[in-house]
2 protein chains.
Amino acid sequence: MYILFPSRYFAPMSLKHTHVQHMAGHLIRRLHQSSTQVFAARIKAAGLDLTPVQFAALDAIHANPGADQAGIAALIAYDKATIGGVIDRLEAKDLVARTPSKRDRRAREVRLTEAGESLLTQAMPVVSKLQDDILPGLSLEERAQFLDLARKALGPADNHHKSSARDPFCH
Amino acid sequence: MYILFPSRYFAPMSLKHTHVQHMAGHLIRRLHQSSTQVFAARIKAAGLDLTPVQFAALDAIHANPGADQAGIAALIAYDKATIGGVIDRLEAKDLVARTPSKRDRRAREVRLTEAGESLLTQAMPVVSKLQDDILPGLSLEERAQFLDLARKALGPADNHHKSSARDPFCH
DNA sequence: CGCATTTAGTAACTATACTTACTATATTGA
DNA sequence: TCAATATAGTAAGTATAGTTACTAAATGCG
């Protein structure tokens with residue numbers, strides 16, 4: 001297991017803090033890092049083999065069978081090039097199947113295979129449960145507060161069922 | 001520029017929400033995504049060429065000239081393999097220099113070159129300023145609250161000046 | 001001292017996560 | 001209709017962000 005802070009750095013000798021460490025971007029990156037590590041550990045402990053992105057894609061495809069890759073990408077906020085590779089790997093593991101769309105000959109419709117449905121069913125409770133371990137330093141109340149603020153911070157893009165605004169950073 | 005949500009997905013037709021979208025891990029990933037995109041856009045607008053990680057590394061090396069790679073990695077919470085590649089690229093751009101350590105012949109001491117110091121000086125105000133744009137949906141007060149919660153969520157690992165605890169996920 | 005363990009760094013590998021560029025197809029509007 | 005534009009997907013390239021495995025060197029301990 002990857003040791004985040006070798007013990008020697010808590011010994012007498014210690015490095016100086018940086019400007020970066022107080023910045024929002026750095027804190028968010030650290031949270032993301034922690035989050036993906038918790039996910040990997042818990043999924044592995046459950047005997048499953050899925051990355052966070054692969055899980056998100058399976059979930060989105062399950063909820064929208066027959067959607068095309070661009071739709072799945074938009075739903076979980078990924079670049080279409082990224083999602084292409086993710087679905088390549090899911091297909092290689094026989095978790096999803098792609099069929100050419102008849103409506104649009106450019107598009108490929110994506111669906112879960114039985115193995116994909118099965119794996120998603122197994123993974124869902126594990127992933128749901130692990131969400132509480134992502135923010136271990138917070139109380140239940142603080143965690144809820146944090147998630148509210150996170151949702152609000154993401155702005156209208158996250159609430160596309162309420163408004164039609166797009167991501168605030170795409171000018 | 002990358003369009004996060006193609007407009008057709010706000011048209012009459014719309015995909016179903018997923019379980020993932022309500023989860024902490026997903027929200028954190030979205031924040032990280034937004035954060036890196038804001039960083040890239042602002043740095044590019046300033047005529048500079050630096051990734052968030054490269055900036056963090058420059059900042060850490062500036063604050064600790066002569067530290068070895070493992071020290072820099074620990075300071076900004078990166079894997080030593082990752083930081084090795086980052087410093088490779090910084091060295092290729094002549095922003096840092098590596099010299100073999102005399103104390104420890106395994107280690108390589110890292111320092112900023114003049115070009116590195118100069119670039120960091122240019123980048124610092126840009127990066128400081130952009131932090132406020134990372135959480136655009138939040139008021140000043142909410143932003144401070146969010147950052148407090150984030151710091152607390154990261155737990156004792158982030159407060160290594162206060163305690164000697166390590167990352168809670170390294171069992 | 002000598003040996004087991006730890007640590008610094010690299011190498012090779014996998015998986016994101018984007019970018020630009022490209023092809024093919026669909027849609028729009030004059 | 002047909003040309004301009006937009007979109008779906010892939011390809012190639014870059015940069016993270018880790019993993020395991022390895023070498024070399026340092027450290028701890030009996």
Side-chain angles (χ1 to χ4, degrees), chain A residues 1-9 11 29-30 32-37 39-41 44 49-57 67-74 76-93 98 100-110 169, chain B residues 1-9 11 29-30 32-37 39-41 43-44 49-57 67-74 76-90 92-93 98 100-110 169:
Chain A
M1 186 62 173
Y2 156 57
I3 305 293
L4 214 47
F5 291 99
S7 53
R8 59 170 271 231
Y9 288 106
R29 185 188 62 75
R30 297 272 314 272
H32 182 235
Q33 181 184 49
S34 164
S35 158
T36 55
Q37 283 174 12
F39 186 99
K44 190 177 175 184
D49 178 26
L50 266 185
T51 67
V53 186
Q54 289 171 4
F55 173 78
D68 59 16
Q69 298 185 188
I72 299 302
I76 55 179
Y78 275 87
D79 187 89
K80 64 178 178 172
T82 302
I83 221 65
V86 172
I87 293 182
D88 282 348
R89 285 181 286 274
L90 290 175
E91 194 178 38
K93 291 200 266 184
R98 280 188 282 208
S101 166
K102 286 169 191 161
R103 288 187 304 95
D104 185 338
R105 286 190 307 180
R106 296 168 302 179
R108 309 176 69 176
E109 297 178 355
V110 189
F169 301 107
Chain B
M1 185 64 175
Y2 156 57
I3 304 294
L4 213 46
F5 291 98
S7 52
R8 58 170 270 231
Y9 288 107
R29 186 189 62 75
R30 296 271 316 270
H32 182 234
Q33 180 185 48
S34 164
S35 158
T36 55
Q37 284 174 11
F39 186 100
I43 280 285
K44 190 177 175 185
D49 178 24
L50 265 185
T51 67
V53 186
Q54 289 171 4
F55 173 77
D68 60 14
Q69 296 185 189
I72 300 302
I76 55 179
Y78 275 89
D79 186 89
K80 64 178 178 172
T82 302
I83 220 64
V86 172
I87 293 182
D88 282 348
R89 284 181 285 275
L90 290 175
K93 290 200 266 185
R98 280 189 282 209
S101 166
K102 286 167 192 162
R103 287 187 303 98
D104 185 337
R105 284 191 307 176
R106 295 169 304 180
R108 309 176 68 176
E109 296 178 355
V110 189
F169 300 108

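Given the structure is predicted, the values throughout are model-derived calculations rather than measurements. Throughout, a chain's letter reflects where its sequence line sits, starting with A, and its residues are numbered from 1.
- Whole-Å rounding puts the A:Ile76 CD1 to C:dC18 P distance at 11 Å.
- In this entry the distance linking CZ of A:Arg29 with C1' of D:dG18 reads 12 Å, nearest Å.
- Here the P atom of nucleotide D:dG18 and the NZ atom of A:Lys44 are 15 Å apart, to the nearest Å.
- Listed for the A:Gln69 side chain is no donor-acceptor partner under 3.5 Å among the backbone atoms of A:Ile87.
- Distances shorter than 4.0 Å separate none of the side-chain N or O atoms of A:Thr36 from OP1 or OP2 on D:dG18.
- Position along DNA chain C of the nearest nucleotide to B:Ala81 versus B:Ala107 favours B:Ala107 as the more 5'-ward residue.
- Distance, B:Leu50 CG to C:dC18 C1': 17 Å, rounded to whole Å.
- Considering only side-chain atoms of A:Asp68, the nucleotide from C:dG9, D:dA8, D:dA15 that sits closest is D:dA8.
- Once rounded to the nearest 0.5 Å, the distance linking CD of A:Gln54 with CG of A:Asp49 reads 7.0 Å.
- Contacts between residues 82-90 of chain B and DNA chain C, defined by a heavy-atom separation under 4.0 Å, are absent.
- Going from atom NZ of A:Lys80 over to atom P of D:dT7 covers 9 Å, rounded to whole Å.
- Taking side-chain N and O atoms only, A:Arg105 has no distance below 4.0 Å to OP1 or OP2 of C:dT27.
- In this structure, A:Thr36 contributes its side chain and A:His32 its backbone to a donor-acceptor pair below 3.5 Å.
- In this structure, A:Gln33 does not reach the D:dA17 phosphate: none of its side-chain N or O atoms is under 4.0 Å from OP1 or OP2.
- Residues that satisfy the salt bridge (Lys or Arg N to Asp or Glu O under 4.0 Å) test with A:Arg98, not counting sequence neighbours, are A:Asp88, A:Glu91.
- Note: CG (A:Asp79) to P (D:dG13) measures 18 Å, nearest angstrom.
- Atom CD of A:Glu91 is separated from atom P of C:dA15 by 15 Å (rounded to the nearest Å).
- Distance check, rounded to the nearest 0.5 Å: CD of B:Glu109 to CD1 of B:Ile72 gives 11.0 Å.
- Residue A:Arg103 has no polar side-chain atom (N or O) positioned under 4.0 Å from OP1 or OP2 of C:dT25.
- Regarding contacts with the backbone of C:dC18, every side-chain N or O of A:Tyr78 stays at 4.0 angstrom or more from both OP1 and OP2.
- Between B:Ile43 atom CD1 and C:dT19 atom P the separation is 16 Å, expressed in whole Å.
- Residue A:Arg106 places no side-chain atom within donor-acceptor reach of the base of D:dA8, judged by atom type and a 3.5 Å distance cut-off alone.
- For C:dT10, the OP1/OP2 oxygens have a side-chain nitrogen or oxygen of B:Gln69 closer than 4.0 Å.
- Residues A:Tyr78 and A:Val53 are in side-chain contact: their nearest non-hydrogen atoms beyond the backbone lie under 4.5 Å apart.
- A distance of 9.0 Å separates CG in A:Asp79 from CD in B:Gln33, rounded to the nearest 0.5 Å.
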